[in-house]
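Order of the sequence lines sets the chain letters (A, B, ...), proteins ahead of strands, with each chain counted from 1.
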There are 2 protein chains.
Amino acid sequence: MSDRGTGQTPVSGETLLFLTDDQLRRGIEAMFFAYRGFTADPDRILQEYSYGRAHHRAVHFIKRSPGTTVNNLLNILGVTKQSLNRVLRALIEDGLVESRVGKQDRRERHLYLTEAGQELEKELSEAQRGRMRAAYRDAGPEAVAGFRQVLEQIMDPEMRRHFQTFKEGS
Amino acid sequence: MSDRGTGQTPVSGETLLFLTDDQLRRGIEAMFFAYRGFTADPDRILQEYSYGRAHHRAVHFIKRSPGTTVNNLLNILGVTKQSLNRVLRALIEDGLVESRVGKQDRRERHLYLTEAGQELEKELSEAQRGRMRAAYRDAGPEAVAGFRQVLEQIMDPEMRRHFQTFKEGS
DNA sequence: CACTTTATGTCAGCCTTGTTGACTTTCCAA
DNA sequence: TTGGAAAGTCAACAAGGCTGACATAAAGTG
């Protein structure tokens with residue numbers, strides 16, 4: 001151990017070794033490689049339907065919060081309305097998503113998955129969950145708790161808010 | 001299948017509750033939101049230089065393995081040579097990366113960061129490490145161990161090979 | 001009622017970063 | 001000497017980000 005990297009200085013306690021630049025770099029690379037795996041299975045399925053990750057994200061969060069408004073989705077996904085609209089238009093035209101005018105506020109559009117949309121969502125999420133389930137099982141419950149804990153800390157506060165909102169809500 | 005279709009059904013042992021569809025969904029969303037945070041700081045810096053994430057990735061792995069070949073980088077990054085070439089060309093033209101003809105095999109190009117390249121890399125990685133360090137510190141060493149363990153399981157076997165190669169190498 | 005704000009949609013155009021395909025040059029190795 | 005691997009280039013294209021401008025309808029406000 002000793003040095004490693006450039007910015008190493010002796011640390012006070014041995015317990016802080018996990019904060020060295022080298023450990024952090026490994027964490028960064030783990031995130032990079034893991035994210036590729038994380039998206040690989042849905043990506044393959046999406047290709048068959050000529051959709052992309054953007055469609056997957058929209059479908060996922062509509063499934064998660066049926067009746068969500070366009071604006072809400074915009075905030076969660078962190079893209080422009082033009083970008084999201086392109087994706088939603090395709091999903092609506094293809095009959096996967098239904099857009100209903102709001103009852104209280106008729107300016108709003110509430111988004112729902114159709115039967116076909118539910119099916120695609122199921123196919124995508126089952127593929128993605130399959131990999132996650134295997135990873136969780138191999139790593140064990142304590143590792144999973146740590147995994148979730150660190151991920152939550154990595155988020156921007158605003159994203160964390162979205163994440164935690166989902167946690168409680170339903 | 002029994003459970004984990006749509007909702008929750010009793011599982012065999014209480015320890016398996018972390019494998020429910022809902023827990024998996026939370027993990028999936030955590031990955032999504034965390035990855036956004038993970039890339040946010042470097043993205044901001046890159047914008048100032050009119051570079052993108054692709055440039056960051058190239059710079060990161062050249063820093064990690066100085067003298068690596070284009071082909072090696074291609075395998076790690078998982079993109080086409082045309083795509084990587086565009087990025088490398090820009091970095092070379094801007095004087096951040098140096099491409100040296102191989103001595104044994106003169107077809108190969110070995111890639112190195114120049115002084116300027118080192119500087120950009122440092123700026124980017126310090127920003128990214130800063131967030132990771134804070135997350136690690138808040139979560140603690142045991143959580144970090146779990147985090148890394150799960151991420152490694154999520155990777156494709158080939159990516160895991162790359163990741164582990166880096167782990168040992170140097 | 002008039003005015004403003006909000007939610008949404010849409011058009012046009014731009015950028016990055018990925019793709020495929022075709023082709024060339026270099027040069028190692030059988 | 002010839003085949004093929006490594007690298008680079010050119011062209012064309014697509015997804016999915018972005019900005020800016022503008023339209024519409026509905027809600028809110030004075």
Sequence neighbours left out, what passes side-chain hydrogen bond (donor to acceptor under 3.5 Å, both in side chains) with [X]? Give chain and number order.
| X | result |
| --- | --- |
| Arg107(B) | Asp105(B) |
| His60(A) | Glu29(B) |
| Glu158(B) | none |

Rounded to whole Å, the NZ-C1' distance (Lys103(B) to dT26(C)) equals 19 Å
note: Gln47(A), atom CD; dT19(C), atom C1'; distance rounded to Å ~ 10 Å
query: Which salt bridge (Lys or Arg N to Asp or Glu O under 4.0 Å) pairs, counting each pair once, include a residue from residues 81-99 of chain A, with sequence neighbours left out?
result: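 Salt bridge (Lys or Arg N to Asp or Glu O under 4.0 Å) check on residues 81-99 of chain A returns Glu98(A)-Arg100(A).
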Contact check, residues 50-59 of chain B vs DNA chain C, heavy-atom distance under 4.0 Å, returns Gly52(B), Arg53(B), Ala54(B), His55(B), Arg57(B)
Each nucleotide of nucleotides 6-12 of chain C classed B (base within 4.0 Å of a protein heavy atom), S (only sugar-phosphate) or -, in 5' to 3' order, makes BSBBBB-
Residues in side chain to side chain contact (heavy atoms under 4.5 Å, CB included) with [X], at least two apart?
| X | answer |
| --- | --- |
| Val97(A) | Ile62(A), Leu91(A), Ile92(A), Leu111(A), Leu113(A) |
| Arg36(B) | Met159(A), Phe32(B) |
| Arg137(A) | Arg133(A), Leu19(B) |
| Ala145(A) | none |

(request) Using only side-chain N and O atoms of Ser83(B), determine if any of them is under 4.0 Å from OP1 or OP2 of dT17(C). (result) no
| request: Quick one: do His56(B) and Gln128(B) satisfy side-chain contact (heavy atoms from CB on, under 4.5 Å)? Show the steps, please. | output: CA-CA 11 Å; His56(B) 182 191; Gln128(B) 196 161 39; 3.3 Å; yes
So the contacted stretch of DNA chain D, first to last nucleotide with an atom under 4.0 Å from a non-hydrogen atom of chain B, runs from dG4(D) to dC10(D)
When the side chains of residues 66-76 of chain B are checked against the rest of the protein, which donor-acceptor pairs come out under 3.5 Å, sequence neighbours left out?
| residue | atom | partner | partner atom | Å |
| --- | --- | --- | --- | --- |
| Thr68(B) | OG1 | Asn72(B) | ND2 | 2.7 |
| Thr69(B) | OG1 | Asn72(B) | N | 3.1 |
| Asn75(B) | ND2 | Asn71(B) | O | 3.4 |

The residue, Gln104(A) or Gly78(A), whose nearest nucleotide of DNA chain D is more 5′ is Gly78(A)
